[in-house]
Amino acid sequence: AIYDGGRLDALYVSSVTVPVPYNSFSYLNYDQKYVQADLGIAMDCLDMKLAGRYQDTKVLSDDPWCAILPSKFTAMGSATLNIRHRLFAGVTVDFASARTGYMNYDSKLYLNEVSIPYFVDLGLNASFRFSDSFSIWAKADNILNNNVQRIIAHAYDGIYFTGGICLNL
């Protein structure tokens with residue numbers, strides 16, 4: 001749903017079942033059903049967005065050597081405060097429930113159960129607009145110092161910072 005200037009546009013909820021390739025370490029055919037809802041509020045001084053998704057995934061392949069399924073529950077949210085269209089300050093949060101699956105470490109004879117823990121990624125951001133063509137920004141993520149794995153076999157720990165300069169020519 002999008003709230004803009006006192007108007008609520010629509011609520012988006014869908015469900016689908018399709019066999020498609022899923023890239024874990026190899027390609028798998030799987031069947032997935034999901035429901036997703038998005039909500040947004042846009043005002044002159046505040047912008048807020050929320051999204052949530054539930055998905056149920058079943059592997060269709062008979063003998064996969066590796067299958068780590070996506071999280072059943074994911075959610076994200078953000079809020080940005082706009083002060084005189086010059087200073088912007090915001091907070092973001094991303095959540096994903098634990099992931100489960102199985103991998104073959106040694107040979108194709110034994111499959112080992114594996115799990116990737118849930119994560120909550122909390123971030124803060126700020127930007128300052130000097131003019132329509134020049135601004136600076138900074139962002140801090142993973143403030144809760146969790147082990148975050150959005151992509152299989154790529155985890156990051158610890159708080160990290162990024163920043164930059166924007167030139168609109």
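None of the values given here were measured: they were computed from a predicted structure. Numbers for residues simply follow the sequence, beginning at 1. Values below: every heavy atom of this structure, side chains too, minus hydrogens, waters and symmetry copies.
Annotation for F119 and N147: closest pair CB-O, 3.7 Å, computed over non-hydrogen atoms. Residues T92 and N125 approach most closely at CG2-ND2, 3.9 Å, considering heavy atoms.
With rounding to the nearest 0.5 Å, the separation of CH2 in W137 from CD1 in I165 is 10.5 Å. Between the OG atom of S133 and the CG atom of L167 there is a distance of 7.5 Å, given to the nearest 0.5 Å. To the nearest 0.5 Å, the span separating CG on N82 from CG on D44 amounts to 6.5 Å. One finds the CD atom of Q36 at 14.5 Å from the OH atom of Y54 (value rounded to the nearest 0.5 Å). One finds the CD atom of Q32 at 4.0 Å from the OG1 atom of T57 (value rounded to the nearest 0.5 Å). The OG atom of S78 sits 8.5 Å away from atom CE of M48, with the distance rounded to the nearest 0.5 Å.
Side-chain N or O atoms of R129 include none that pairs as donor or acceptor with a backbone N or O of F134 at under 3.5 Å. Judged by distance alone, with hydrogens and angles left aside, the side-chain atoms of S71 form a donor-acceptor pair with the main-chain N or O of S97 at under 3.5 Å. The backbone N or O of G158 lies less than 3.5 Å from a partner atom in the side chain of N142, making a donor-acceptor pair.
The cationic group of R53 lies under 6.0 Å from the six-membered ring centre of Y34 and within 45° of the ring axis, placing it in a cation-pi geometry.
Both F130 and I83 belong to a common hydrophobic cluster when Ile, Leu, Val, Met, Phe, Trp and Tyr are linked at side-chain heavy-atom distances under 4.5 angstrom. Cluster membership check: M76 does not share its hydrophobic cluster with F73, using side-chain heavy-atom separations under 4.5 Å among Ile, Leu, Val, Met, Phe, Trp and Tyr. F128 and L46 are members of different hydrophobic clusters when ILVMFWY side chains are connected at heavy-atom separations under 4.5 Å. Under a hydrophobic clustering in which Ile, Leu, Val, Met, Phe, Trp and Tyr are joined whenever their side-chain heavy atoms come within less than 4.5 Å, directly or via other members, L122 and F95 fall into the same cluster.
With a 6.0 Å radius and a threshold of 12 heavy atoms from other residues, nucleotides or ligands, Y118 has its OH atom at or below the threshold.
Partner of V91 under the side chain to side chain contact (heavy atoms under 4.5 Å, CB included) criterion, out of T80, L81, I143, L124: L124 alone.
Looking only at side-chain heavy atoms (C-beta outward), N168 and D132 stay at 4.5 Å or farther from each other.
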**OP:** Test D94 against D141 for side chain to side chain contact (heavy atoms under 4.5 Å, CB included), laying out the working first.
**Re:** CA-CA 10 Å; D94 289 323; D141 277 312; over 6 Å; no

